[in-house]
Enquirer: 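Let me begin by handing over the structure; questions about it come next.
For the numbers below, each heavy atom of this structure counts, side chains included, while hydrogens, waters and symmetry mates do not. Every chain is numbered from 1, with letters handed out A, B, ... down the list of sequences. Remember, it's a predicted structure, so these values are computed and weren't measured experimentally.
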Number of protein chains: 2
Amino acid sequence: MDIKIVDVARLANVSPTTVSRVLNNNPIVKPKTRDAVLKVIEELKYVPHAAAKNLRQQKTMTIGVIVSDIKVSYNTDIVKGIQTKAYAQKYKVVICDTQNDLDIEREYLRLLMDRSVDGIILVASLLPEQEIVDLAERGFAVGIIGRRIDRANVLNVHTDNVSAAKEAVEHLIGQGHRDIVFLSGYANAKDSYDRLEGYIKALGMHSIPFRPELVENGNFNETGGYEAFARLKEKGLTFSAVFSANDEMALGVYEYCNEKKIGIPGEVAIVGVDNDRVSKYLTPSLSTIDQPKYDMGFLLAEKLIRSMNGEAEVPRVSVLNSRLIVRQSSTTYSR
Amino acid sequence: MDIKIVDVARLANVSPTTVSRVLNNNPIVKPKTRDAVLKVIEELKYVPHAAAKNLRQQKTMTIGVIVSDIKVSYNTDIVKGIQTKAYAQKYKVVICDTQNDLDIEREYLRLLMDRSVDGIILVASLLPEQEIVDLAERGFAVGIIGRRIDRANVLNVHTDNVSAAKEAVEHLIGQGHRDIVFLSGYANAKDSYDRLEGYIKALGMHSIPFRPELVENGNFNETGGYEAFARLKEKGLTFSAVFSANDEMALGVYEYCNEKKIGIPGEVAIVGVDNDRVSKYLTPSLSTIDQPKYDMGFLLAEKLIRSMNGEAEVPRVSVLNSRLIVRQSSTTYSR
DNA sequence: AAAGGTATTGAAAACGATTTCAGCTTCTGA
DNA sequence: TCAGAAGCTGAAATCGTTTTCAATACCTTT
């Protein structure tokens with residue numbers, strides 16, 4: 001503690017400059033001096049002061065990640081991918097958890113703008129597109145995962161929500177269902193909107209009329225899903241399947257069905273989105289759309305790092321494929 | 001981007017000193033000047049440079065958290081508690097994920113010793129006690145959660161693993177079980193050892209002889225649990241219940257039982273530890289020991305911040321209570 | 001042995017904020 | 001009207017590195 005480069009220099013009979021060179025593996029220093037310096041560093045347990053280094057070099061080698069909720073496996077899978085890539089390139093990672101609160105998200109963004117990070121990644125962001133674009137236009141390295149943004153220098157990795165939703169709904173139709181509920185998330189979320197579009201497309205492909213009363217908002221969380229499903233049931237609507245815009249809301253549906261002794265998939269078949277960690281442990285196991293979350297994180301981190309390093313031709317947006325995982329909750333011959 | 005305090009100063013016709021004072025809410029500046037400066041700051045969208053500030057102040061207002069795996073809800077629950085306290089006190093939080101690898105953990109520790117954080121919190125650490133003590137003795141603010149360490153200035157919050165395990169096993173005994181398997185984690189983990197001790201104590205209290213062959217190591221993860229349980233079964237041992245040192249290994253047991261059509265809790269009753277997010281969604285739901293994870297994180301963060309602020313009398317170690325949650329996996333009258 | 005390179009090293013400036021200390025105003029009271 | 005205090009502001013030092021540029025040491029060649 002409190003040992004500085006000059007202390008090392010003095011003890012090793014060299015200048016701070018030389019110590020700095022040793023620290024940064026500058027091959028110009030004579031092997032003999034290098035060894036002497038290293039020995040002193042070891043002896044004193046000297047560790048360079050990050051702030052001084054950052055100030056001089058005008059970079060921090062860290063990436064800031066803003067996620068909606070660190071407890072959601074969709075987010076942590078992505079974060080894992082980011083971390084793996086980042087660490088491999090000697091970057092550190094700061095994680096900020098906004099608790100799905102837009103104001104908190106804005107606040108973190110402000111915090112990160114003090115150059116304590118070299119670049120920012122948004123995961124499941126609630127921020128209006130324009131604010132993200134502004135950020136990029138002010139010269140910050142910014143990337144966003146999950147949501148499609150193709151403007152300014154905003155880096156982006158996402159999956160095709162429309163066709164994924166379409167695939168899920170067509171799967172349900174293939175199982176003989178025609179009255180299919182769509183449980184949407186926040187009304188303003190682009191994800192929700194795209195999944196709705198896919199839902200409608202799938203119905204269209206099979207000439208099933210779209211019934212707006214079968215679309216209900218569950219706010220992307222478990223209780224929201226429970227309540228949305230309850231509303232549908234209490235309205236006395238008839239339907240035999242549910243496509244839920246994420247797995248968490250599906251959990252709410254499970255709970256409701258459990259209470260009211262409604263059989264899954266017998267009376268209601270269900271397909272979710274996200275392949276949450278719990279979904280395969282449910283009984284019946286939950287069919288869901290799996291996004292390559294880890295890969296998405298890894299890929300965006302790569303883009304970001306390359307772009308921070310000044311590489312000119314970094315492809316700005318990439319689309320990865322998601323896939324439908326069919327489990328018990330949507331297949332008639334249960335187990 | 002690239003706007004410095006002098007730019008603001010120039011435009012506001014004041015010195016950098018005054019701008020700095022405004023930034024730091026120093027009440028000494030005249031309201032009129034303050035407003036003028038604030039206006040320029042707003043106009044220029046000036047954000048102070050973190051590294052410069054950190055360097056001068058010799059602190060960063062951030063806490064480093066090293067966790068074993070960001071995907072484990074035990075860890076994220078704790079992290080949530082830490083974050084809540086930290087953010088309330090204007091601290092940022094850096095999370096490092098070691099993937100349960102001791103070498104990676106050491107590497108992160110080295111990274112964080114560059115004063116890029118003001119204090120360090122270890123969650124589910126694999127580090128030998130002595131190394132943690134060394135850290136504290138070198139003057140760093142360090143805290144550890146989950147594992148009892150009562151030396152040097154190491155801050156600590158943990159629960160009583162021995163009595164928690166004892167409670168779980170006594171619950172099983174109360175359900176009529178006498179041949180109870182103990183699934184342990186890493187052999188060297190203090191947690192495992194304490195839980196084993198509680199297991200043995202519980203047996204002792206009820207005059208049930210301890211059979212070492214009923215203790216098997218599952219490395220704290222799902223496949224480890226599966227394999228450990230398989231080994232026990234293949235040895236042809238007889239037992240009617242399992243106490244698993246964490247929920248993840250219990251998942252492995254569920255899987256094995258599912259494959260081999262072994263009824264839970266009819267043929268094997270199970271109790272785990274951690275109250276993992278999935279445990280309540282399992283069929284049958286998993287009985288488990290719940291630790292007040294959020295509170296543990298919150299409390300340790302509080303200790304750490306107080307100690308970093310130079311408060312002398314911060315109680316160094318706290319013990320919180322865990323509680324047994326009885327669900328279906330350990331009760332004979334299933335459902 | 002001198003000239004000209006090349007290798008190796010160090011002195012000092014720079015990064016962008018905060019903080020110390022001194023100085024200038026302005027006010028108060030006699 | 002003036003001394004002294006209080007209020008407000010700014011010049012310059014400082015934090016601990018890296019980087020630039022110049023200087024020195026050491027070779028090689030002739």
Side-chain angles (χ1 to χ4, degrees), chain A residues 1-38 40-41 44-62 90 110-118 139, chain B residues 1-38 40-41 44-62 90 110-118 139:
Chain A
M1 214 59 173
D2 285 331
I3 292 171
K4 313 187 272 195
I5 204 170
V6 290
D7 301 318
V8 176
R10 196 153 24 221
L11 220 74
N13 276 317
V14 296
S15 71
T17 311
T18 299
V19 178
S20 173
R21 283 197 264 255
V22 171
L23 288 169
N24 295 284
N25 298 313
N26 189 327
I28 215 180
V29 341
K30 204 197 291 188
K32 206 170 149 189
T33 3
R34 139 178 261 93
D35 292 344
V37 170
L38 283 175
V40 175
I41 287 176
L44 262 41
K45 291 192 188 302
Y46 165 73
V47 181
H49 194 290
K53 180 172 185 146
N54 293 344
L55 175 58
R56 180 62 237 226
Q57 306 201 129
Q58 296 291 67
K59 64 178 180 190
T60 62
M61 296 301 284
T62 94
K90 306 267 178 219
R110 272 221 98 66
L111 267 184
L112 296 183
M113 288 174 44
D114 66 2
R115 271 78 118 226
S116 56
V117 299
D118 297 340
Chain B
M1 215 57 173
D2 284 334
I3 292 170
K4 311 187 273 197
I5 201 169
V6 291
D7 300 320
V8 176
R10 196 154 23 225
L11 221 74
N13 275 319
V14 296
S15 71
T17 311
T18 298
V19 177
S20 173
R21 282 197 264 256
V22 170
L23 288 170
N24 296 283
N25 297 312
N26 188 326
I28 215 180
V29 341
K30 205 199 290 189
K32 206 171 151 188
T33 359
R34 140 179 260 92
D35 291 346
V37 170
L38 283 175
V40 175
I41 288 176
L44 262 43
K45 289 191 191 300
Y46 165 72
V47 181
H49 194 290
K53 179 172 187 149
N54 294 344
L55 175 58
R56 179 63 236 228
Q57 307 202 129
Q58 296 290 66
K59 64 178 182 191
T60 62
M61 295 302 284
T62 93
K90 305 270 179 218
R110 271 221 100 66
L111 269 183
L112 295 184
M113 287 175 43
D114 66 1
R115 271 78 118 227
S116 56
V117 299
D118 296 340

Enquirer: Calculate, to the nearest 0.5 Å, the distance between atoms CG and NZ belonging to Leu55(A) and Lys53(B) respectively.
Expert: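 Taking CG in Leu55(A) and NZ in Lys53(B), the distance rounds to 14.0 Å.
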
Enquirer: Shorter than 3.5 Å, N or O on both sides, protein versus nucleotides 23-25 of chain D: list them out with atom names.
Expert:
none

Enquirer: Please confirm whether the backbone N or O of Ile28(A) pairs with a side-chain atom of Asn26(A), one donor and one acceptor, at under 3.5 Å?
Expert: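 Yes.
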
Enquirer: With distance as the sole test, does Arg115(B) use its side chain to make a donor-acceptor pair with the main-chain N or O of Val47(A) at under 3.5 Å?
Expert: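 A pair under 3.5 Å: yes.
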
Enquirer: Using 0.5 Å steps for rounding, measure from the CZ atom of Arg34(A) to the OG1 atom of Thr18(A).
Expert: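 Rounded to the nearest 0.5 Å, the CZ-OG1 separation comes to 11.0 Å.
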
Enquirer: Would you say the side chain of Tyr46(A) lies within less than 4.5 Å of the side chain of Val40(A), judging by non-hydrogen atoms?
Expert: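 No, side chains not in contact.
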
Enquirer: Under the 3.5 angstrom rule, does the side chain of Asp114(B) hit a backbone N or O of Pro48(A) as a donor-acceptor pair?
Expert: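 Answer holds: no.
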
Enquirer: Could you give the CG-to-P distance, from Asn26(A) to dA7(C), as a whole number of Å?
Expert: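 Between P of dA7(C) and CG of Asn26(A): 13 Å.
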
Enquirer: Verify the contact: side-chain N or O of Asn54(B) to OP1 or OP2 of dA17(C), cut-off strictly under 4.0 Å; return yes or no.
Expert: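 For dA17(C), OP1/OP2 do not have a side-chain N/O of Asn54(B) under 4.0 Å.
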
Enquirer: Over how many whole Å does the gap from Arg115(B) atom CZ to dG16(D) atom C1' extend?
Expert: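 Distance, rounded to whole Å: 9 Å.
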
Enquirer: Kindly give the heavy-atom pair with the smallest separation between Leu112(B) and Val117(B), and that separation in Å.
Expert: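 Between these two residues, the closest heavy atoms are O-CG2, 3.7 Å.
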
Enquirer: Quickly work out the Ile5(A) CD1 to dA11(C) P distance and round it to whole Å.
Expert: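 Atom CD1 in Ile5(A) sits about 13 Å away from atom P in dA11(C).
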
Enquirer: Could you tell me how far apart Arg10(A) (CZ) and dG10(C) (P) are, to the nearest whole angstrom?
Expert: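 Arg10(A) atom CZ is separated from dG10(C) atom P by 14 Å.
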
Enquirer: Is Tyr46(B) near enough to dG16(C) that one of its side-chain N or O atoms lies under 4.0 angstrom from OP1 or OP2?
Expert: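 Looking at the OP1 and OP2 atoms of dG16(C), neither is under 4.0 Å from any side-chain N or O of Tyr46(B).
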
Enquirer: Could you state the atom-to-atom distance from CG of Asn24(B) to P of dT20(C) in whole Å?
Expert: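 My rounded result for the distance is 13 Å.
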
Enquirer: Atom pairs, N/O to N/O, protein against nucleotides 8-15 of chain D, distance under 3.5 Å?
Expert:
residue	atom	partner	partner atom	Å
dT9(D)	OP1	Thr33(B)	OG1	2.7
dT9(D)	OP2	Lys30(B)	N	3.1
dT9(D)	OP2	Thr33(B)	OG1	3.4
dG10(D)	OP2	Ser15(B)	N	2.8
dG10(D)	OP2	Ser15(B)	OG	3.2
dG10(D)	OP2	Thr18(B)	OG1	2.8
dG10(D)	N7	Arg21(B)	NH2	2.7
dG10(D)	O6	Arg21(B)	NH1	3.3
dG10(D)	O6	Arg21(B)	NH2	3.3
dA11(D)	N6	Thr17(B)	OG1	2.9
dT14(D)	O2	Arg56(B)	NH1	2.7
dC15(D)	O3'	Gln58(B)	NE2	3.3

Enquirer: Hey, is Arg10(B) close enough to Asp7(B) for a salt bridge, meaning N to O under 4.0 Å?
Expert: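 Looking at Arg10(B) and Asp7(B), the cut-off is met.
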
Enquirer: In this structure, how many angstroms lie between the P atom of dA17(C) and the CG atom of Asp7(B), rounded?
Expert: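 Checked: the CG to P distance equals 8 Å.
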
Enquirer: Without decimals, in angstroms, what is the distance between Lys59(B) NZ and dG16(D) C1'?
Expert: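 Nearest whole value for this atom pair: 18 Å.
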
Enquirer: Show the nearest heavy-atom pair for residues Ala50(A) and Ser116(B), with the distance to one decimal.
Expert: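 Between these two residues, the closest heavy atoms are CB-CB, 3.9 Å.
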
